[in-house]
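The figures that follow rest on heavy atoms only: side chains count, while hydrogens, waters and symmetry mates do not. Reminder, nothing fancy here: chain letters follow the sequence lines and each chain counts from 1. Predicted model only: the values in this text are computed from it and were never measured.
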Number of protein chains: 2
Amino acid sequence: MTNVASLAGTAALIGDPARAAMLVTLMDGRALTATELAGAAGVTASTASGHLARMLEAGLLALERQGRHHYYRIAAPSVAGLIESLMSVTGELSAARRQCRPVRTGPSDRALRRARLCYDHLAGEVAVGIAAGMIARGQLDLGQDGGALTDEGLNFLASLGIDLDSGAPARSLHSRLCRLCLDWSERRPHLAGEIGRALYGALVRERWVAGPSQGRTVTITPLGRGKLERHFGLALAWSLSCSD
Amino acid sequence: MTNVASLAGTAALIGDPARAAMLVTLMDGRALTATELAGAAGVTASTASGHLARMLEAGLLALERQGRHHYYRIAAPSVAGLIESLMSVTGELSAARRQCRPVRTGPSDRALRRARLCYDHLAGEVAVGIAAGMIARGQLDLGQDGGALTDEGLNFLASLGIDLDSGAPARSLHSRLCRLCLDWSERRPHLAGEIGRALYGALVRERWVAGPSQGRTVTITPLGRGKLERHFGLALAWSLSCSD
DNA sequence: GAGATGCTTCGGTCGCGCCCGAAGCATCTC
DNA sequence: GAGATGCTTCGGGCGCGACCGAAGCATCTC
């Protein structure tokens with residue numbers, strides 16, 4: 001019973017709009033100052049400070065102090081996973097409630113819908129398109145509980161400089177497993193987990209995409225636009241959300 | 001921003017102790033009446049009715065009416081996943097807060113700690129032991145984003161009457177993927193997802209375990225005790241929680 | 001039909017917690 | 001040192017929502 005109480009406590013913590021806004025803002029994986037988070041949540045600094053202290057105490061956030069600045073960030077991947085889980089359920093529910101007519105899910109910001117950071121991996125139309133392209137090209141095998149890379153998939157990632165078997169020669173099977181994350185705006189799976197993180201790192205390193213200068217929005221470089229089109233059949237001029 | 005609001009709304013819904021108690025009670029996958037849930041949450045029928053109506057409206061619960069009885073159940077696997085996610089985060093946090101000394105995680109009920117139903121699959125010491133045994137015997141390959149069955153694992157499950165490749169001959173790779181769920185009380189992984197569900201079904205069918213007559217507690221049959229010991233090295237006379 | 005049972009709706013009470021402004025620390029700059 | 005900036009703590013106002021009991025509705029039993 002005491003566990004139910006702490007479970008409810010954690011949920012209630014996320015259940016406040018101001019705190020939820022802070023957590024979602026931090027889902028890009030960065031660490032932000034208390035003032036910045038106050039602005040993101042639309043509350044005064046004193047109110048934000050109280051919220052942040054509570055989330056820190058509860059272990060949802062971690063704190064790094066540099067001089068007079070206090071940088072807050074998501075404390076652990078499991079917390080990010082929880083927020084993702086909430087986004088998915090919330091998305092499904094709101095989509096289910098108003099079923100008819102093509103609902104516009106996710107944020108209204110066009111660039112944010114296209115490509116954004118989801119804690120440590122890529123999300124949005126582009127990420128969903130990458131996953132769909134890999135599936136279509138036989139690089140990714142989709143199961144009910146996740147995905148698995150095929151030989152072609154391993155080779156493709158290797159061509160991007162991602163060597164998943166490094167350091168563990170005998171673990172070729174599990175290195176192929178990839179966690180899938182139901183895309184917040186697209187409602188279709190994209191690559192998350194270890195491989196999602198590695199893929200995002202490679203895309204940045206190869207300059208297909210550029211990480212967010214502020215916010216969560218990831219931008220596609222001209223080079224990346226061509227590469228994505230050639231490798232995954234992504235035509236970024238039109239809206240991917242119409243397909244399927 | 002509107003999405004943040006609905007995310008916070010969903011979290012706030014779970015954030016009330018009475019509603020959280022109801023949801024956790026329903027995590028055994030059964031459908032319970034409003035009166036039963038009121039008792040589980042420790043509130044009057046009228047209060048419970050209000051809570052249930054809100055969770056129904058939000059899509060967290062589904063309703064089935066039979067005569068004058070209203071049976072409520074978890075609406076979707078994604079909702080169960082969200083509760084699981086909350087349990088894991090909450091567990092990790094409470095474990096992290098009081099780090100030293102061997103914390104007794106999860107429920108105090110001995111039988112519940114040993115084996116219980118987690119929505120649609122087995123959880124508790126036995127479930128963790130099964131996963132550990134399969135890993136030790138080379139039947140399950142553990143990765144960072146999940147697990148995968150080896151050939152030995154496929155054969156073992158087939159010997160239990162679980163044929164994962166049925167109906168989809170070409171999908172042998174993805175049929176091996178299994179979602180892992182961090183055990184609420186044990187803090188170590190057990191089998192969840194499609195394979196976890198199938199495994200639990202097989203264990204019940206083979207009479208290794210008996211499903212809950214009430215509550216979430218699953219009982220191990222004398223037959224199952226022997227089988228579990230032989231196949232996984234589980235010695236159920238002593239406490240598994242000491243190992244590792 | 002009358003009575004019992006399960007559930008919901010309604011009205012009213014009450015407390016938790018969200019919010020802000022002001023004041024108090026801590027840190028950096030000059 | 002004085003002043004500015006970032007953050008937290010404190011005190012008080014106020015609204016949302018959890019809660020209950022009573023009444024109302026639906027369903028089953030006899």
Notebook entry, point to check: For DNA chain C, what are the stems built from at least three Watson-Crick or G-U pairs in a row, each pair having both distances below 3.5 Å?
Noted result: C:1-30 with D:1-30

Checklist line | Smallest separation among heavy atoms of Leu82(B) and Thr10(B), with atom names | finding: CD2-CG2, 4.4 Å

Margin query: Does anything in residues 58-69 of chain A form a side-chain hydrogen bond (donor to acceptor under 3.5 Å, both in side chains)? List the pairs, not counting sequence neighbours.
Written below: Arg65(A)-His70(A)

Notebook entry, point to check: Which distance, rounded to the nearest 0.5 Å, do you find between the CG of Leu7(B) and the OG of Ser88(A)?
Noted result: 10.0 Å

Next item on the list: Give a yes/no answer on whether the side chain of Tyr72(A) brings an N or O atom under 4.0 Å of OP1 or OP2 in dT8(D).
Entry: yes

Checklist line | Under 3.5 Å: donor-acceptor pair, side chain of Ser6(B), backbone of Thr90(A) | finding: no

Note to self: Closer than 3.5 angstrom, by distance alone: can the side chain of Arg225(A) be matched with the main-chain N or O of Thr221(A) as a donor-acceptor pair?
What the structure shows: no

Check: Heavy atoms under 4.0 Å, any strand shown: does Ala45(A) hit a base, just sugar-phosphate, or nothing?
Finding: base

Checklist line | Set of salt bridge (Lys or Arg N to Asp or Glu O under 4.0 Å) partners for Glu36(B), sequence neighbours left out | finding: none

Check: Judged by modelled atom types alone, do Thr47(A) and Thr44(A) share a side-chain donor-acceptor pair under 3.5 Å?
Finding: yes

Check: According to a strict under-4.0 Å criterion, is His70(A) in side-chain N/O contact with OP1 or OP2 of dG6(D)?
Finding: no

Checklist line | Minimum-distance pair of heavy atoms, taken over all atoms of Leu160(A) and Ala202(A) | finding: O-CB, 3.9 Å

Item checked: Euclidean distance, atom CG of residue Leu52(A) to atom C1' of dG6(D) [Å, nearest integer] -> 13 Å

Checklist line | Separation of dA4(D) P from His69(A) NE2 (nearest whole Å) | finding: 17 Å

Item checked: Polar side-chain atom of Thr25(A) near backbone of Ala21(A) as donor-acceptor pair, under 3.5 Å -> yes

Check: Around atom CZ of Arg205(B), are there more than 12 heavy atoms of other residues, nucleotides or ligands at under 6.0 Å?
Finding: yes

With 3.5 Å as the limit, what N/O pairs link the protein to nucleotides 10-19 of chain D?
| from | atom 1 | to | atom 2 | distance (Å) |
| --- | --- | --- | --- | --- |
| dA18(D) | OP1 | Arg19(B) | NH2 | 3.2 |
| dA18(D) | OP2 | Arg19(B) | NH1 | 3.2 |
| dA18(D) | OP2 | Arg54(B) | NH1 | 2.6 |
| dC19(D) | OP2 | His51(B) | NE2 | 2.5 |

Check nucleotides 25-29 of chain D against the protein and report each pair of N or O atoms closer than 3.5 Å, with its distance, or say if there are none.
none

Margin query: Among residues at least two apart in sequence or on other chains, which ones pass ring-ring contact (aromatic ring centres under 6.0 Å, His included) with His190(B)?
Written below: His121(B)

